[in-house]
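Contents: one structure, followed by commentary.
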Amino acid sequence: MTDDIPRHRYDARLANEIEARWQDRWDAEHTFWAPNPTGLLSEGAERFTDREPVFVLDMFPYPSGTGLHVGHPLGYIGTDVYARFERMNGKNVLHAMGYDAFGLPAEQYAVQTGQHPRVTTEANIANMRRQLRALGLGHDSRRGPATTDPGYYKWTQWIFLQIYNAWYDFDADRARPISELITRLESDLDVGWVDLDDRARRELVDSYRLAYLTEAPVNWCPALGTVLANEEVTADGRSERGNFPVYRRPLKQWMMRITAYADRLLDDLALLDWSDSIKLMQRNWIGRSTGASVDFAVEGADDVITVFTTRPDTLFGATYMVLAPEHPLVDAIVPGEWPGAMLGDAFNDVPAAWKGIFGAEGGPAEAVRRYREFAATKSDLERQAEGKDKTGVFTGAFAVNPVNDERIPIFVADYVLMGYGTGAIMAVPAHDERDFEFAREFELAIVGVIKPPAEWLAERDCPLAPASEWPEAFVGDGRAMNSANADVSLDGLAVRDAKAAITAWLAGRGAGDATVNFKLRDWLFSRQRYWGEPFPIVYDELDLPIALPESLLPVELPEIIDFEPEIVADNSASVPAPPLSRAEAWTTVELDLGDGPKTYRRELNTMPQWAGSCWYYLRYLDPTNEEQFVGPAAEHYWMGEGPGGVDLYVGGVEHAVLHLLYARFWHKVLFDLGHVSTPEPFQRLFNQGMIQAPAYTDSRGIYVEATTVVERDGGFFAGDEAVQREFGKIGKSLKNMVTPDDIFRDYGADSLRLYEMSMGPLDASRPWSTRDIVGVFRFLQRLWRNVVDEDTGALRVVETPADEETRRLLHRTIAEVREDMATMGFNTAVSKLITLNNRLTQVATAGGAPRDTVEPLVLMLAPLAPHIAEELWSRLGHESSLTYADFPVADPQWLTVDEVEYPVQVNGKVRGKVTVAAGAEQPVVEAAARLDVASYLDGASVRKVIFVPDRLINFVVG
RNA sequence: GCGAGCGUGGCGGAACGGCAUACGCGCCGGGUUUAGGUCCCGGUCCCUUCGGGGGUGAGGGUUCGACUCCCUCCGCUCGCACCA
């Protein structure tokens, strides 16, 4: 039966043969090697001197054991099409692919199988390289490092040391080498450097570093013997794997001082060609808000509680204060007993509800202790699940409101977070929803200090009511009221002016100041894992960190046999034992760091997976450099003068915040220290959509293998059973895996590429439909048939020029496809190429299609479907690859038309059409148009004629 | 709750404020073929008295003219979430 199929038809078999042949040839000819101007990777640079460098980058993949599914390569194909297009525009294009290969899945797989993660990781990388190569992606194969290569992570460690050996000079607003700080401290008399001992000096310097050690709360799961990421903790505060309890507990951790860069990370977004939504997500994450800090004295104590508020104008309405449960001052201010009758005022009798939800009778210390314990066991998710049910406990202490000297009770409540602001608030229940709810719960005073508009009160049916009778807090703008003391009055001022007035007053009294606060926290940088970069840090007998010299890099991961985290006692007092502690010969090291041989203890934590992905794009530029993380010539050539270096960065929106923020931060540190030439790493960011595939569930809600489901009678069935369809992430868990290998087998790589590019705009998520691939497959078949005789394999082209209409279509197509390629509108580019090919099918004679149309069509197709394009180009008589052939340029002469068909509208509705010479003047067009729609104009007066040259004419009749 | 984005045929999707549904899938009809498949040609938003009328989530507005701009609402998706 297959005898019927012509021998030279473009089918999957022929596609696969062509694709394998061209992939081999590209490899052999180093087609995608992009030369550096100098150095080891400069082969062929002399031919590229006139070519402008373009750096196209994908977010590099994690080499997973299951390999690629058809959703993965969407962005990779998009960048490849763009990169190939730019090569055909005469650019020197750097496009490469590395692997983000450290990380938890490899380690967990190692635990299960007993194989070393390096072994499985390398096997996974080999498989993914095979799949990516089979897609025809034009990567420079010399430039694909894995973050796990010691030759790579040597420089990750080196960058860590750069950050460690730097401090942030807020006056100069940039990072500087730590040596400059030491010079400054030595001469700073206030510091008293000469009187400090070695430990004090080092601790002082360490407190300025951009990488520093501190006690930070982490998700500690003793039963699993490891710290978990927030994503690995379930809503009820247990581990996702195993369902064991997870405790928040402070551990000594490495931190990165990203907060020093908060303003620059925010402001420099303006320099970047990124989508507004991603910029907004970064802005929200950084969370800059302006306001004031206000100091409240604690009654009968020396302590001062500083709060941050964005509404200092409401200070006269502050009727109580709240500290976060973890606030360090809590213990200091709690009195021995509940305030008693000797106070002789409204707080004579502390209400029972204030003493805590556990009915504590042991005095305030006990009530607070119990409440803090209760709060500590709640996960963040639990806290938010409980929503607006406010809980808290009175500390027994009072503060003094600096504007009116009123004593206000201090509470501890978990609706105030230690991680934001100062971990303490002044509560203004009249003008803050949360404070309002808490005040209602605990029957605290509610004093209005901003006058709501009359409508606001009327809508709530409480005209002229005092704030204590409002049904909710008034958070809008209004004039200040009830806000005056002997010294200052805000009454009648608008919010803005009131803020300025009270802030100035506070500053004058030394009780506060204008402040900017950020949501952004410093970056927790250590992990209790095996499969990550070791820190280039040791500890001496003072237990203080010491950076290893560059000559000792890389600090290689020691080999261990057992990766299983140590299971320790399941209680909150247990301490994690990092897997590296098991490499006993490695945990200590004898070194001579300049003061004779000594034994040092190694840092046993490893870096997070983000570390390797923070700078991989820089290593692509100079991957074989053993002297530097990147040579300045290569760096400057590819990254240019800025503001951002990478010309196009494509990846998923899931990295909108963390990766893109961390990488920007590292880049800025490197910029400040003079190691890179642009202030930003990624000039243009493009987020590709996600491909979703149909998944099917049976009546029990269990997923059934998607390949077994058939559609019939308007429903979906697995065997006889009806199943429900939904669309979701492709993968094993939804049993809807579709791999590139499946598609290669049935259609070839070019059809897969073309299909993924044609299914919709690159930035939109879209459903996968294997059935639809046949559309682009048929297009390639028709193109092939237009050029190659299916029976004999002979070339079928005629040298006579195409007819005028075809030629006009060709040049219009060239102009539009060029535009589409530049803006990554690949879906419409494909449709236009199909249209042109359909025209070619019509005009082809027995001898074939005209060469003057076929050749530009093949060239335009080349970025999208490079294998078939190369093959046709070769059969058309060209010896070299079309990789650097010029992308066609439209001839303006053929973009003009002789005649234009005008739609003729009457009152905006199309009533007729007239064809007139292009560029005709209005009177000519109007005369023809009037005749055409005469029946509509009869008896009506034309009030106005809208004439858009060469587009349309519209009669407005009345 | 706050913020952002998106709603167009049976499906994926086109459309500088100017002829809505390009291109593809599917479907219908025809041709080639012993037949099926492949391939080729034609058709395919709805209503219609065949003149035309209606139509881009719903309603309103701006405009000679609105899928496109503005307002209200509905629905879906994403991000953040007690952020003081």
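Chain letters run A, B, ... following the sequence lines, proteins first, then strands; residues in each count from 1.
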* Protein-nucleotide distance (Glu819(A), atom CD; A14(B), atom C1'), rounded to Å -> 16 Å

* Check the distance between C39(B)'s P and Trp784(A)'s CH2 and give it to me in whole angstrom. => 17 Å

* Quick one: classify the glycosidic conformation of G65(B) as syn or anti, with syn meaning within 90° of 0. =>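 Classified anti.
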
* Structure fact -> Regarding G7(B), purine or pyrimidine glycosidic angle vs 90° from 0 gives anti

Scan [X] against the nucleic acid and name what it touches under 4.0 Å (heavy atoms): base, sugar-phosphate only, or nothing.
{"X": "Asn954(A)", "answer": "base"}
{"X": "Arg951(A)", "answer": "base"}
{"X": "Thr828(A)", "answer": "sugar-phosphate"}
{"X": "Glu901(A)", "answer": "base"}
{"X": "Ile834(A)", "answer": "sugar-phosphate"}
{"X": "Lys519(A)", "answer": "base"}

Minimum-distance nucleotide to [X] side chain [options: [options]]:
{"X": "Ile946(A)", "options": "C64(B), G12(B), A84(B)", "result": "C64(B)"}
{"X": "Tyr936(A)", "options": "G52(B), A84(B), G12(B)", "result": "G52(B)"}
{"X": "Leu280(A)", "options": "C82(B), G52(B), A4(B)", "result": "A4(B)"}
{"X": "Met281(A)", "options": "G79(B), C82(B), G13(B)", "result": "G79(B)"}
{"X": "Pro761(A)", "options": "A84(B), G13(B), C16(B)", "result": "G13(B)"}
{"X": "Pro903(A)", "options": "C39(B), C19(B), A4(B)", "result": "C19(B)"}

* Structure fact -> So OG of Ser831(A) and CG of Asn838(A): to nearest 0.5 Å the spacing works out to 10.5 Å

* Asked: Rounded to the nearest 0.5 Å, what separation is found between the CE atom of Met759(A) and the CG atom of Leu74(A)?
  ->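 So the CE of Met759(A) and the CG of Leu74(A) are separated by 7.5 Å.
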
Could you tell me whether the phosphate oxygens of [N], OP1 or OP2, come under 4.0 Å of any side-chain nitrogen or oxygen in [X]?
{"X": "Asn838(A)", "N": "G24(B)", "result": "yes"}
{"X": "Asn827(A)", "N": "A14(B)", "result": "yes"}
{"X": "Arg785(A)", "N": "C40(B)", "result": "yes"}
{"X": "Arg911(A)", "N": "G53(B)", "result": "yes"}

Should [N] form a Watson-Crick or G-U wobble pair with both distances under 3.5 Å, which nucleotide is its partner?
{"N": "C82(B)", "value": "none"}
{"N": "C67(B)", "value": "none"}
{"N": "U56(B)", "value": "none"}
{"N": "A4(B)", "value": "U77(B)"}
{"N": "G29(B)", "value": "C41(B)"}
{"N": "C19(B)", "value": "none"}
{"N": "G51(B)", "value": "none"}

* Asked: Looking at Asp932(A) and Lys913(A), does any basic side-chain N land under 4.0 Å from a carboxylate oxygen?
  ->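 Salt bridge flag = no for Lys913(A) with Asp932(A).
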
* Electrostatic pair Asp742(A):Arg745(A) at N-O distance under 4.0 angstrom ->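 Counted as a salt bridge, because a side-chain N and a carboxylate O are separated by less than 4.0 Å.
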
Whole-Å [atom1] distance, [N] and [M]:
{"N": "G13(B)", "M": "U77(B)", "atom1": "P", "result": "16 Å"}
{"N": "G5(B)", "M": "G42(B)", "atom1": "C1'", "result": "41 Å"}
{"N": "C47(B)", "M": "G29(B)", "atom1": "C1'", "result": "23 Å"}
{"N": "C73(B)", "M": "C25(B)", "atom1": "C1'", "result": "35 Å"}
{"N": "G1(B)", "M": "G10(B)", "atom1": "P", "result": "33 Å"}
{"N": "U62(B)", "M": "C67(B)", "atom1": "P", "result": "16 Å"}
{"N": "G65(B)", "M": "G54(B)", "atom1": "P", "result": "15 Å"}
{"N": "C19(B)", "M": "A66(B)", "atom1": "P", "result": "11 Å"}

* Answer with yes or no after comparing the ring centroid distance for Phe411(A) and Phe438(A) against a 6.0 Å cut-off, counting only values under it. =>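 Ring-ring flag for Phe411(A)/Phe438(A): true, centres closer than 6.0 Å.
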
* What is the ring orientation for Tyr10(A) with Trp784(A), classed by angle as parallel under 30°, tilted 30 to 60°, or perpendicular over 60°? -> tilted

* Gln724(A) CD: over 12 foreign heavy atoms closer than 6.0 Å ->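 Result for CD/Gln724(A): open.
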
* Establish whether the base of G18(B) is bridged to the side chain of Gln905(A) by a donor-acceptor pair shorter than 3.5 Å. => yes

* Asked: Any donor-acceptor pair under 3.5 Å between the side chain of Lys832(A) and the base of C23(B)?
  -> no

* To do: Check each of Trp768(A), Phe826(A), Phe779(A) against Tyr755(A) using the ring-ring contact (aromatic ring centres under 6.0 Å, His included) test, and report the only one that passes.
  =>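 Passing option: Trp768(A).
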
* Side chains of Leu265(A) and Ile258(A) in contact at under 4.5 Å (non-hydrogen atoms) -> yes

* Structure fact -> Contact string for nucleotides 25-32 of chain B, one letter per nucleotide 5' to 3', B = base within protein heavy-atom range under 4.0 Å, S = sugar-phosphate only, - = neither, reads SS------

* For the pair His327(A) (side chain) and Ala424(A) (backbone), establish whether a donor and an acceptor sit closer than 3.5 Å, ignoring hydrogens and angles. =>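 The answer is no, because no donor-acceptor pair under 3.5 Å joins these two groups.
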
* Structure fact -> 5'-most contact on RNA chain B (nearest-nucleotide basis), Gly760(A) vs Val653(A), goes to Gly760(A)

* Closest-nucleotide ordering on RNA chain B, the 5'-leading residue of Tyr755(A) and Lys913(A) ->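 Between the two, 5'-proximity favours Tyr755(A).
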
* To do: Begin with the C-alpha distance, continue with both residues' side-chain angles, and end with the deciding distance and a verdict on side-chain contact (heavy atoms from CB on, under 4.5 Å) for Val956(A) and Asn907(A).
  => CA-CA 5 Å; Val956(A) 184; Asn907(A) 286 344; 3.9 Å; yes

